[in-house]
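This report concerns only the one structure given below.
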Amino acid sequence: MRVVKKALVIGGGVAGIQAALDIADGGYQVILVEKTPSIGGHMAQYAEVFPTLDCPQCILTPKMVDVGQHPNITLLTYAEVQKVSGEVGNFQVEILQKARKVDHTKCTGCGTCWQKCPEKIPSEYDAGVADRAAIYIPFAQAVPAKAVIDTEHCRYIKYLDFMESGAEGKKPPQCRICERLCPAGAIYWEQEDEIITEQVGAIVVATGFDLMPVERLPEYADDPDVIDGIQFERILCPGGPTAGVVHRPSDGKTPKEVVFVSCAGSRDPEHGVPHCSRVCCMYLAKQAMLFKHAVHDGQTHIFYIDTRTTGKGYEEFLQRTMAEGTVYLRGKVSRIYRDGDKIKVMGVDTLSGKQVEVSADLVVLGMAMLPSIGSQELADRLGITTNEQGFFTENHIKIDPLESTCPGIYLAGAAQGPKDIPDSVAQGSGAASKVLGLFARSEKTPEGLTVS
Amino acid sequence: MDLSYYPGCTLKTKALNFEDSAIAAMAVLGVNLVELPRWNCCGTVYSMADDDLAHHIAPVRNLVRVAEQGSDRVVTLCSFCYNTLKRADLLMRNSQEKRDTINSFMDDEIDYDGQVEVVHLLEVLRDDVGWEAIGRTVKAPLEGLKVVPYYGCTLTRPQGVAIDSVENPTVLQDLMKVLGATALDFPLATECCGSFEIVSDPDAVVERAYAILGMAQRKGADAIVLSCPLCAHNLGQKQAEVADKYSDFTGMPLVYFTQLLALAVGVSPEVCRFDLSFGGVEALLRERGLIPQRV
Amino acid sequence: MRLEISSNRLRNEFVAKVIELSGQDINLCYQCGKCSAGCPMSFVMDLLPNQIIRSVQLGLADDIAKSRTPWLCASCLVCTVRCPKGIDIACVMEAVRQIALRRREDFIDPAGLERDTVAELPAIALVSGFRKLTG
């Protein structure tokens, strides 16, 4: 049987982007499937990245644009892999292209629609610290920069659903503002979900991570000023909803005392996950540094158990954070609660042997990294295995980390285990090289893959 | 409904207000608390040393008494009794070796192997009577009364013994809402009051009491609602000392949940024995018109 | 004086006894300090709870014997329910107390309590205090 020399990459974060670009640059066709309306993944949410303090807009956006324009890449955003069959060299794949209700051959991404849409929903891209409209692109640099309608929240779709259901009562408004204002006539209410069938020879799984929800740690309170690391990235981001001016969510005040809690859910087999999430030490150090750059008289406190800085330039970066005045307090926090205007952080500094308490204005939890939501279902569809925490299992953790337990399906990025950006990019390229190696063969026989 | 009821030492002495109000309120709700005959001390605290089986005999003997009554449940009011009896029961259920040793030590008694479920009265109110039925029975809603719930340690720890969520219990708040009171958020609801350290280090307990009482005051509470006679003592008896040491503290009424339940379902205030409660509960309730002015 | 660490110290009788009485695997502790961070009695303790665990790990029987910490533990179990490794720290404290109590080293003398104090305290306080602090 001939090897189909076309690859499927699942997940449009930095690992999937790198894998897709490398395979495409090698001269082969790639289908990149991303479930949200834009590629970019979590990296696109960050303010600046350690240890160089590059902004993702500067270093990620060019790669995203390359993906969008590459002749060998078919980009399917707002799409999900539904069914996979076949085997290495010849997989049959069904992809659900969710209805965008916008004709992307007409949409110019001008922005009129999302500026005028009256519906406001917490923005996924802004991790809930800002709202978006029901018709939207997730962020300014989105690829594709073309709108989608969130059918769950769109007023007119609600009206249509109401009329179809024949229910009694007050009708939702027949809004249709976007349709009236769209200069390109791109609104396309009749557009339905679509199943796309493809044949590919290899699959790269790069579905990334999500953070453990803060609610999983009830002792760390349910309070608007106790936020997770990605939310703080959005608050710190110069291109973010506050233009990089730091406001705390509850009352918009500029926080002065900011506490960062490492290992929130990580290294905690009893209440969270047993693993180290690998990136929190570094991003919390970076956020502390960025905060101090933004609020000069601010004070930052990082509760840590151990600092893990295993990447190139990382330890130097961490020490710079310390030198710039961030206080490292060694110990896990037991309890966080509101007391008036302040948030009490009850911790310990085991180095001085003191129980400590900080009256903070804002608390950032370095929540544990978990496999992205939906990865178990994807694993079941692909017929590959996951570990106890749900990360995809590699063929051999030491010497075969890129291959999944199924030949022809490769792993890249945080979907395989917590990973920082350089490791995700390296693994994306590594998985691409595996695919290119496979495509260098042309026949699959009962004895294996051969070059004819 | 008849329920076997285990009172424990302090309910018969310094916490008569807890017991009397509970029995009267439950009668209104159709639950007859039947005091266990020949009950003995529960042991007060659960012995945690692995080889210390002798101290489990007291609580297990009480569970045997319940089984002898042909009852499969026993309800407690005191949080300490609940915790000690419940943990002794779990030990007898979970370790065959220890169960056999304890049973053979008490060879004059019937064998105990977990026939009895130990419950706290708050569980009975929530799970058997139900908030809706209690709400229907309320005659005098506690309108305008702002309370903070205080669980202390033994109702919500350890996991497996907790009558509610370990970190975010709501059963007391839920009860207070049904009674018409306002339950305020209280971050120190499950913080320890200092417990038995009152015997050896009363000064430390003053500090604990100030932390908890002061927070309740800052939250704007009229009273703290509790379920443990030791918490009541530590937070109550020490209020004068707290006020001496910390001038911002001006006093905080303490009330058992059963007293407010009884009052709301129409039990006479005399039965609730507010005179035995610390911190001026009686004056507070008079001022709010929840009990009649003194004639 | 410099503390000499050796297999003899790490495996001494005291360590074995604490492990036996508590039934807890002391080696699981990675010293995150969460027990000490949440302890309501830490403010009067000479060693923090995590330092007691560390001292057990290192076999420092004398340091523990001199410490008031195990006697100030109110067995409220907040350490136990929040320990990321599931160690019942309150139970380790109990084991340490038991070792002393079984040598007839009571922490308090019930006969020495003032008559007024005894009259004022509820039975629940006296019984639990005597149970935890005397043998």
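Because the structure is predicted, anything quoted here is derived from the model rather than measured. Residue numbering restarts at 1 for every chain, and letters A, B, ... go by the order of the sequence lines.
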Taking 4.5 Å as the heavy-atom cut-off, does anything in residues 160-182 of chain B contact chain A, and if so which residues?
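Within residues 160-182 of chain B, the residues under 4.5 Å from chain A are Glu167(B), Asn168(B).
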What residues of residues 186-197 of chain B make heavy-atom contacts with chain A at a cutoff under 4.5 angstrom?
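From residues 186-197 of chain B, the residues near chain A are Pro187(B), Leu188(B).
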Has [X] got more than 12 heavy atoms of other residues, nucleotides or ligands less than 6.0 Å from its [atom1]?
X	atom1	value
Ile373(A)	CD1	no
Asp222(A)	CG	no
Lys292(A)	NZ	yes

Interchain contact, Arg338(A) with chain B, by part (heavy-atom threshold 4.5 Å):
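Answer is backbone: N, CA, C or O of Arg338(A) sit under 4.5 Å from chain B.
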Just verifying a value: how many Å separate Gln159(B) CD and His271(A) NE2, rounded to the nearest 0.5 Å?
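NE2 of His271(A) is found 7.5 Å from CD of Gln159(B).
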